[in-house]
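As structure tokens, the structure follows; a few thoughts come after it.
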Amino acid sequence: MIARRLAASFVAAALVAGCGAEWNDPYPAADRGKNILYSSFVDRPKTLDPARSYTADEWSFIQQVYEPPLQYHYLKRPYELIPQAAAEMPRPRLLDAEGRELAPDAPASEVAFSEYEIRIRPGILYQPHPALATDAAGKPLYLALPEDEIRRKYTLADFPHTGTRELVAEDYVYQIKRLAHPRVNAPIFGHMSGYIVGLKALAARLQAENERLMEAHAARYGKADPGAPWIDLREYPLAGVEVVDRYTYRVRIRGLYPQFVYWLATPFFAPMPVEADRFYSQRGMNDGRNLTLDWWPIGTGPYMLTENNPNARMALDRNPNFRGEPYPSEGEPADRAAGLLADAGKRAPFVDRVVYTREKEGIPYWNKFLQGYYDQSGISSDNFDHAVRVDLEGEASLTPEMAARGIQLRTSVGTSTFYLAFNFLDPVVGGPSERARKLRQAVSIAVDWEEFISIFQNGRGIPGMGPIPPGIFGHREGEAGINPVVYDWVDGAPRRKPIEAAKKLLAEAGYPDGRDAATGQPLVLHLDTVQRGPGDKPRLDWYRRQFQKLAIELELRTSDWNRFQEKVRSGNTQLFFLGWNADYPDPENFLFLLNGPQSRAKTGGENAANYRNPEYDRLFERMKNIANGPERQALIDEMLRIARADAPWAWGFHPKDYGLAHAWLKNVKPNQMARNGLKFYRIDTIEREQRRAEWNRPTLWPIALAAALLVAAVAPAVVAYRRRERAAARTA
Amino acid sequence: MLAYIVRRCLYAVPILIGVNLITFALFFVVNTPEDMARMQLGAKRVTPDAIEKWKAERGYDRPLLWNGARAGAARLTDTIFFEKSVRLFAFDFGNADDGRSIGHEIRTRMWPSLALAIPSFLVGLAVYVSCALVLAFFRATYLDFWGVVLCVAMMSVSALFYIIGGQFLVSKLWGLVPISGYQPGPDAVKFLVLPVLIALVAGFGAEVRLFRTFFLEEMGKDYVRTARAKGLAETAVLFGHVLKNGAIPILTGVVAAIPKLFLGSLVAESFFGIPGLGSYTIDAIQAQDFAVVRSMVFLGSVLTILGYLLADLSYTLVDPRVRFE
């Protein structure tokens, strides 16, 4: 009886909870069959403010909301910039120191300024938002709220009215000024202040004004008050950025900086309506309510954030004011066969709502994907063999189980690089001396990245021949692209030089058989690395084995991430691993990692190896300012030749990204440079419902079995209890 | 009793200061304010100026414990420790290092934690006590023997195994409940069935064995023999005498654990995607968010002290011999 009751209660609870057909459906029954995309996230976004956010995870949200002037073409590769909110691609106007216009091919030495005039399309509207709400007379409703009214608001939904307005050039200018705002602390301010005329001066003025205002604020409300008075950035002119007319603005850059257009495709240069800044700056908005730009973005893009519970779930809904964007009608040759052009010309977005659920653990995430409750998934190392098999030629394909489910595999080479750096400031492995150079070359040959990729990356990577990954201008395929220091070209493919070649180089460096020829002492090198747990042991052992090939003793100096970074910053390292993920698809964004003036230890730059070669640096200055073409390719070839010979890095590998998508999710093409492709996704909801029902039929016999076991366990006890109670007392 | 409570509350003050000081010291032995700034600002293009600004905005630009540049009491008060600690005693947790309100997070997240912890606690207590009583009743029989064997076997298995195995069997293979996730309101039931069941199974071995020992100890005492000699039924002996007296040591652990139910479960919340305070603490440790770590440790200390106070007070209810004098 008890068992039956338990089983009945369980079933009733499940039904009451609205499980419907699939008992394990984690979504509300009311959402079944709706045009909703289901995705996940791991880490809580730290900020959704476009001036502060600088991680791919955060951009996955905000690039659906904010529209910078430019974007990357969804299908074309190599990556190509196209207008987004802009009416057309901006062309730089080159000026000399006196402001006279120069020819587009003027030498860099003559160019004092580059001017970008950006014209945006008229008629673009913001999402509905309370900051833009007005009364019948056009007066803002929520920009001067009394504090007691703000205390009653907890989300944007608590504001009954919303409004919209047209996007104007002033909004873009306002956002650029925000990069200099002392309270925003934009990560690219340091970089951009070197280029955008007047940005540094604006920051100094704003800093002074902020200090004055905060002092007065603290005197009135106390130092602990989380509020801060609003600074109307319109009152602070920025010398290098001006509004030309309602739909046009102009940005003046110091010298030549052709890569500036790539920044115009990032959220840092998205528009920010002044009303939003003012709305969120009202005292009390951030007092336990999180009513800030960090939580509630406001944009003109295809989606708007309507639910923000970063502990569990975030949701984007279709922006009703979005103008619609035609699906691209051109792409790579294979795109048509892959069905990626089936929706060409149709107005996007196709999906009504996107729900992101927080999944911190890999096992539930993977199983929910297999159950059909996530529409797409990455592949972790743990699940790789379950999902993918790699043939002898290195071609990846789905396992029969995945293929039978109709899952699609999408692969792409990341615009990133992972390398082993030799600290150029180190007396043993660093510096331009022949001895150190040959030692670095020997180690570069000995460290077998093909093996590393096979063991630790499940084959997901391409050995690096230099810093530039495939798909970026400057990367060469075939024999012309190999690193001749480490590889030979044999039978139409690169082959790592034999270890004897490395030993020979090592002997020439003065370390025959891994011993210093002068002292007879064994050569000991130190590798700084981050150890996260016992799982890292195989990797660390592998590092040791690579150096043992040359009889070099490798001493591992493990530390946490903070100490590791500190050592790299101070140049207190010898060897270390590091990676770089591109900001934009330009060779400059990789080659600058070896530019001497960017030395991490000396200037805090991104050249973590502190490599310095005057010739490389001279070529870099030329290369970075010219357009892609034969001249630039020749410069890059020469720079790579120098860097490969100097070997400041063992070039490591370029990771490959593997992604899975269910058959019902259409138009999925990986894009390493942008996360705004959601608007082009389409879902066949009928197929999804059918598959989910097929894959998730509840199995009821375990409940019956559990009940039977309970009865079987309890019944003898009850019988024994009754027997004992009825038994006569025993004599001693 | 009031004097006793007041005295215990006063004892709590130095304990809380000590806990806060230890947390502070441990945290800043491993991290520096600069590490925290870098963690929040990201790894790319971070300038020293941006780090200084971040530190200044959040009050991490002061010395840790002693400000030699100031005079008088300001040497102690114008420090990170004082500034960050003193408001805790008013339960003003301030903002996390990412700028978000900690109080708001705690208020939001405690409900999912309680939704998981209370059923696990109550159902668990009922099941463990019942099973322990059954084993005690059938002491020295095959049921007792195999029951203890089962308990030892169950307590030897890691909780993580129960979680992963439970998710695989119940959700993936049998499709009976969602594998993870959470929704507030009545929909929460389907998400909580599995974690509650697993919590029950994971704690079964250790708790039943412990409670059985308490009950067996009581059953060997004279008053139980006397009760039996009076001719009382075994159920009356068990529930009327043994359970009451055996409950005293159980109460010690149980009542002390009640306030800590707020703090949630670190592992279960992560695996089942329940947005409670346990996962909040784990996130904060991973993000090196001192403001949150400090607040959660402080809250944990307060609740632990409260729990032990409640446990002591509850003795008077179940054992009339105990007096607070």
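Here is the naming used below: chain letters follow the sequence lines, and residue numbers restart at 1 for every chain.
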Between [options], the one whose heavy-atom pairs under 4.5 Å with chain A are most numerous:
options                               : answer
B/Ile282, B/Thr32, B/Leu169, B/Val30  : B/Val30
B/Ala50, B/Gly276, B/Gly181, B/Gly185 : B/Ala50
B/Glu105, B/Glu83, B/Glu34            : B/Glu105
B/Phe137, B/Trp54, B/Phe168           : B/Phe137

List the atom of [X], the atom of [Y], and the distance in Å for their closest heavy-atom pair.
X        : Y        : value
B/Pro275 : A/Asn311 : CB-O, 3.4 Å
B/Val177 : A/Asn24  : O-CB, 3.0 Å
A/Trp23  : B/Pro178 : O-CD, 3.7 Å
B/Leu176 : A/Pro698 : CD2-CB, 4.3 Å
A/Pro364 : B/Phe271 : CG-O, 3.3 Å
A/Arg313 : B/Tyr182 : NH1-O, 3.4 Å

Distance-only, no hydrogens or angles: does the [X] side chain make a donor-acceptor pair with backbone N or O of [Y] under 3.5 Å?
X        : Y        : value
A/Lys360 : B/Glu269 : no
A/Lys368 : B/Ser180 : yes
B/Lys172 : A/Leu370 : no
B/Gln183 : A/Pro26  : yes
A/Gln371 : B/Ser171 : yes

Rounded to the nearest 0.5 Å, what separates atom [atom1] in [X] from atom [atom2] in [Y]?
X        : Y        : atom1 : atom2 : answer
A/Tyr373 : B/Ile179 : OH    : CD1   : 10.5 Å
B/Asp289 : A/Lys46  : CG    : NZ    : 9.5 Å
B/Leu238 : A/Tyr721 : CG    : OH    : 7.5 Å
A/Asn210 : B/Lys53  : CG    : NZ    : 9.0 Å
A/Trp701 : B/Trp174 : CH2   : CH2   : 5.5 Å

> Can you check side-chain contact (heavy atoms from CB on, under 4.5 Å) on B/Asn31 and A/Asn562, steps first, answer last?
Replying inline: CA-CA 7 Å; B/Asn31 301 289; A/Asn562 292 331; 2.9 Å; yes
>> Does atom CH2 (A/Trp695) have a neighbourhood of more than 12 heavy atoms from anything else shown, all under 6.0 Å?
In response: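 Yes - once you tally the heavy atoms of other residues, nucleotides and ligands closer than 6.0 Å, there are more than 12.
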>> With a sphere of 6.0 Å drawn around CZ of B/Phe89, does it hold more than 12 non-hydrogen atoms of other residues, nucleotides or ligands?
In response: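 Yes, CZ of B/Phe89 has more than 12 neighbouring heavy atoms, counting only those of other groups under 6.0 Å.
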Region of [X] that comes under 4.5 Å of a non-hydrogen atom in chain A:
X        : result
B/Thr141 : side chain
B/Leu173 : backbone
B/Phe272 : neither

> Would A/Arg563 and B/Asp35 satisfy side-chain contact (heavy atoms from CB on, under 4.5 Å), going step by step from the backbone distance to the final call?
Replying inline: CA-CA 9 Å; A/Arg563 297 289 77 72; B/Asp35 295 336; 2.6 Å; yes
>> Contact between B/Tyr142 and A/Pro716 at the side-chain level, heavy atoms closer than 4.5 Å - yes or no?
In response: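 Side-chain contact under 4.5 Å: yes.
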>> If you define the side chain from C-beta out and look only at heavy atoms, does anything of A/Glu361 sit under 4.5 Å from B/Gln167?
In response: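 When only atoms from C-beta onward are counted, B/Gln167 and A/Glu361 do not touch, as no gap falls below 4.5 Å.
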> Sequence neighbours excluded, which residues qualify as side-chain contact (heavy atoms from CB on, under 4.5 Å) partners of B/Arg87?
Replying inline: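 Testing B/Arg87 for side-chain contact (heavy atoms from CB on, under 4.5 Å), a comparison that skips the adjacent residues, returns A/Ala224, B/Asp92.
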> Of all residues at least two apart in sequence or in a different chain, which pass the side-chain contact (heavy atoms from CB on, under 4.5 Å) check with A/Arg722?
Replying inline: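 If we apply the side-chain contact (heavy atoms from CB on, under 4.5 Å) test to A/Arg722, skipping adjacent residues, the hits are A/Val718, A/Arg726.
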>> A/Ile363 vs B/Ile163, test: side-chain contact (heavy atoms from CB on, under 4.5 Å). Steps then yes/no.
In response: CA-CA 11 Å; A/Ile363 295 172; B/Ile163 292 173; over 6 Å; no
>> Set out, in order, the CA-CA distance, both residues' side-chain angles and the distance that settles side-chain contact (heavy atoms from CB on, under 4.5 Å) for B/Asp283 and A/Arg44, then state yes or no.
In response: CA-CA 9 Å; B/Asp283 288 348; A/Arg44 290 159 50 103; 3.9 Å; yes
>> Quick check for you: among A/Thr55, A/Asn309, A/Asn581, A/Asp583, which has the greatest number of heavy-atom pairs under 4.5 Å with chain B?
In response: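 Option with the top pair count is A/Asp583.
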> Side chain, backbone, both or neither: which part of A/Thr47 has a heavy atom under 4.5 Å from chain B?
Replying inline: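 Just its backbone gets close to chain B.
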>> Is A/Trp580 in contact with chain B via its backbone, its side chain, both, or neither, using a 4.5 Å heavy-atom distance?
In response: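 Answer is side chain: those atoms of A/Trp580 sit under 4.5 Å from chain B.
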>> Set out, in order, the CA-CA distance, both residues' side-chain angles and the distance that settles side-chain hydrogen bond (donor to acceptor under 3.5 Å, both in side chains) for B/Gln286 and A/Asp43, then state yes or no.
In response: CA-CA 10 Å; B/Gln286 285 170 347; A/Asp43 294 318; over 6 Å; no
